[in-house]
*Asks:* 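Following this message is one structure expressed as structure tokens.
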Amino acid sequence: MDKEKKLRSYEWFGKSDKMGFVHRSWLRNQGYPDDYFQGKPVIGICNTWSELTPCNGHLRDFAEIVKKGVIEAGGFPLEFPVMSLGETIMKPSTMLFRNLASMDTEESIRANPLDGIVLLTGCDKTTPSTVMGACSVDLPTIVVPGGPMLNGRFRGECVGSGSFNWLIKEKQAVENYTEEDILEMEIGVARSQGHCMTMGTASTMACMVESLGLTLPGAAAIPAVDARKKVMAQLSGRRIVEMVREDLTLSKVLTREAFENAIKLNAAVGGSTNFIIHLTAIARRIGVELELSEFDTLGSQIPLLVNLKPSGKFLMEDFYYAGGLPVVIREMAEHLHGGCITVNGKTIAENNKKSPNYNEEVITPLSKPLKEAAGIAVLKGNLCADGAIIKPSAASPSLMKHTGKAVVFESIEDYHHRIDDEDLDIDENSVIVLKGVGPVGYPGMPEVGNVDLPEKLLKKGVRDMVRISDGRMSGTAAGTVVLHVSPESSIGGTLALVQSGDFITLDVEARKLELLVSDQELAQRKLNWVAPKPQADRGYVKMYIDHVEQAHLGADLDFLIGGSGSEVSRDLH
Ligand code: FES
């Protein structure tokens, strides 16, 4: 009995009183034998499966595989659903619901008789949301990333899901793509189960959790349909039972050093800009303070080692065959805190020290990187008092230092309405400024920062321009795009005061983003500024608008920062 008392689930299943009977009896309608309630670690399999989240469509089967592993190791698996966020389907933006899904995860874990957690994740937000929620409870937790789709193939070419759709306007305008062409392309870039197979946000998140030590080694890159992914799921099921016995909780893995490793490894793989906002939110849930500037100081000088779209040429399947993240971790050893413990109980250095590189074109050695100093740069200046970011590896070198005349769009609808107007005063030197797409303003900070260029400029051969917004950019996109401007326009940041015709200077090397308008003129404009009407007056969206923090803080809800542990103060009576 003493041993059983150590398990959290004992408080539900271990007692012989009325409530012990109630907790066990109803569950037994699913056919569990007596011994399942007699001291077996209870493992919650937190499933983001949903047919409305196509990238996670295979996770229902994966839960069964994880259960096999849990049972083999002497645990009692219980699967439960949480809100799933389908990037390509949900409106107006999955980011609006990331925090809601995290609350669902947190409360579902805490309220139930669980000793350890397996998070089944895939599509972009399903990883950070569930990790954030789990952090606020802090039980032993392991992540099983669902894995990328097989490489996209279209007319003999390798094409990346996510990245290719940003070219559709260009293909239609310049290469006269027809509806049939588009239909053929659609299925060609989605050939199998799994998430986007570029180094977009989902792949970035999978690499992030492996870098943090939250997965078994090598888990991130295995394609969803590869048999080895199933083996990984089963082994994760076995391991979480041991983690419960070892009391290896999330906070023991998620140390400050682990976050620093993740920042450096994200730079080395060329991960999405969304990494910043999600990692910051996760850190604040587990009690590690990360400044926005640290993403630059720790990551920007790290060389790019992984040749994947959108920064490079290959796709996640190629990354896996080349050896995956373990190769990058081994190559990066001198930059990392090798002693960080991971979920298998070994350090990150021990796990990855013998990881052969099978293709140096896909993963370059540290001595011969694809690009030097390719991590994300954090900008400061009067246009972004609390910071803004840019991904230099996805930007045009010729635009990294640029001064141009602003062409301002007050909202994304305004942009769509006017961008292809033949009379719009815009050329390749202009700076496109998009307002109203921040956390509060949209609300939910959609991935629209990499807005398409005007058709008339595309036809002239222009392929990139400086674009600035308070929104985010899909990890699958590229361009000279300044994102996450903080404070955002809708709460009266300087971005709100920019007018068409103002000059803006971007200087990435000097980390500057300046609106070339005098302080006196800006003060006058601020006096005349009227805050936009909030987009909702009830329900979750109102709560989100009232409580969401700015991008540089991770855009979490202010009352969700930190955690409440796994204790439940009142009983079910
Ligand atoms: Fe789900 Fe890209 S849409 S990962």
Side-chain angles (χ1 to χ4, degrees), residues 47-60 62 82-98 101 119-131 143-152 154 158-168 185-210 215 219-226 229 266 269-275 277-278 308-311 314-317 319-320 391 394 444-450 472-478:
N47 204 343
T48 54
W49 168 85
S50 164
E51 286 178 342
L52 289 167
T53 305
C55 308
N56 297 23
H58 56 306
L59 296 183
R60 191 194 244 175
F62 269 53
V82 288
M83 185 183 192
S84 190
L85 307 173
E87 200 63 31
T88 51
I89 305 273
M90 288 185 94
K91 295 182 179 183
S93 157
T94 49
M95 186 64 184
L96 176 61
F97 304 112
R98 182 198 66 178
L119 302 175
L120 295 184
T121 70
C123 198
D124 297 12
K125 309 298 181 299
T126 57
T127 303
S129 60
T130 51
V131 173
V143 183
V144 176
M149 291 187 264
L150 296 176
N151 286 357
F154 175 60
C158 247
V159 289
S161 59
S163 291
F164 207 59
N165 40 296
W166 305 113
L167 301 176
I168 285 179
M185 192 196 302
E186 273 172 19
I187 191 88
V189 294
R191 292 174 49 225
S192 77
Q193 292 171 323
H195 60 67
C196 289
M197 82 302 272
T198 51
M199 187 50 79
T201 303
S203 303
T204 299
M205 290 295 101
C207 290
M208 175 189 78
V209 284
E210 186 172 336
T215 70
I222 310 175
V225 294
D226 194 302
K229 190 61 139 191
N266 185 62
V269 302
S272 153
T273 49
N274 287 319
F275 169 84
I277 209 158
H278 298 319
L308 253 61
K309 293 175 192 294
S311 301
F314 296 100
L315 293 166
M316 285 297 281
E317 199 183 332
F319 184 43
Y320 177 54
K391 185 178 177 184
M445 217 184 163
E447 293 182 332
V448 294
N450 54 306
R472 294 178 303 118
M473 169 169 93
S474 163
T476 58

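These values consider heavy atoms only, across backbone and side chains, with no hydrogens, waters or symmetry-generated copies. Each ligand, and each atom within it, is numbered from 1 in the order the structure gives. Worth saying up front: this structure is predicted, and the values here are computed from it rather than measured.
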*Asks:* Quick one: CE on Met445 to OG on Ser93, what's the gap to the nearest 0.5 Å?
*Replies:*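 OG of Ser93 is found 9.5 Å from CE of Met445.
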*Asks:* I'd like to check which ligand 1 atoms, numbered from 1 as shown, lie under 4.0 Å from a non-hydrogen atom of Thr88.
*Replies:* 3 (S)
*Asks:* Run the numbers for me: atoms of ligand 1, each under 4.0 Å from some heavy atom of Glu87, listed by number.
*Replies:*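 Heavy-atom distances to Glu87 below 4.0 Å select 3 (S).
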*Asks:* Compare every heavy atom of Pro128 with every heavy atom of Met205, then report the nearest pair and how far apart it is.
*Replies:* SD-CD, 3.8 Å
*Asks:* Pick from Thr127, Thr126, Asn47: which one makes a side chain to side chain donor-acceptor pair (under 3.5 Å) with Thr121?
*Replies:* Thr127
*Asks:* Does the shortest distance from atom 1 (Fe) of ligand 1 to an N/O/S atom of His195 fall below 2.8 Å?
*Replies:* no
*Asks:* Are any side-chain N or O atoms of Thr48 and backbone N or O atoms of Leu120, one a donor and one an acceptor, separated by less than 3.5 Å?
*Replies:*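 Yes, because the side chain of Thr48 sits within donor-acceptor range (under 3.5 Å) of the backbone of Leu120.
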*Asks:* List every atom of ligand 1 that sits less than 4.0 Å from any heavy atom of Cys55, numbering the atoms from 1 in the order shown and giving each element.
*Replies:* 1 (Fe), 3 (S), 4 (S)
*Asks:* Measure Ala202 to ligand 1 on non-hydrogen atoms and call it side chain, backbone, both or neither using the 4.0 Å cut-off.
*Replies:*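 It is the side chain that gets close, since no backbone atom is under 4.0 Å.
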*Asks:* Do Val131 and Val209 have side chains that get closer than 4.5 Å, going by heavy atoms?
*Replies:*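 Result yes, sub-4.5 Å side-chain heavy-atom pair found.
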*Asks:* N/O/S atom of Cys196 under 2.8 Å from atom 2 (Fe) of ligand 1, yes or no?
*Replies:* yes
*Asks:* Any donor-acceptor pair under 3.5 Å linking the side chain of Asn56 with the backbone of Gly146?
*Replies:*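 Absent.
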*Asks:* Tell me the contacting part of Cys123 for ligand 1: side chain, backbone, both, or neither, using a 4.0 Å heavy-atom threshold, strictly below.
*Replies:* both
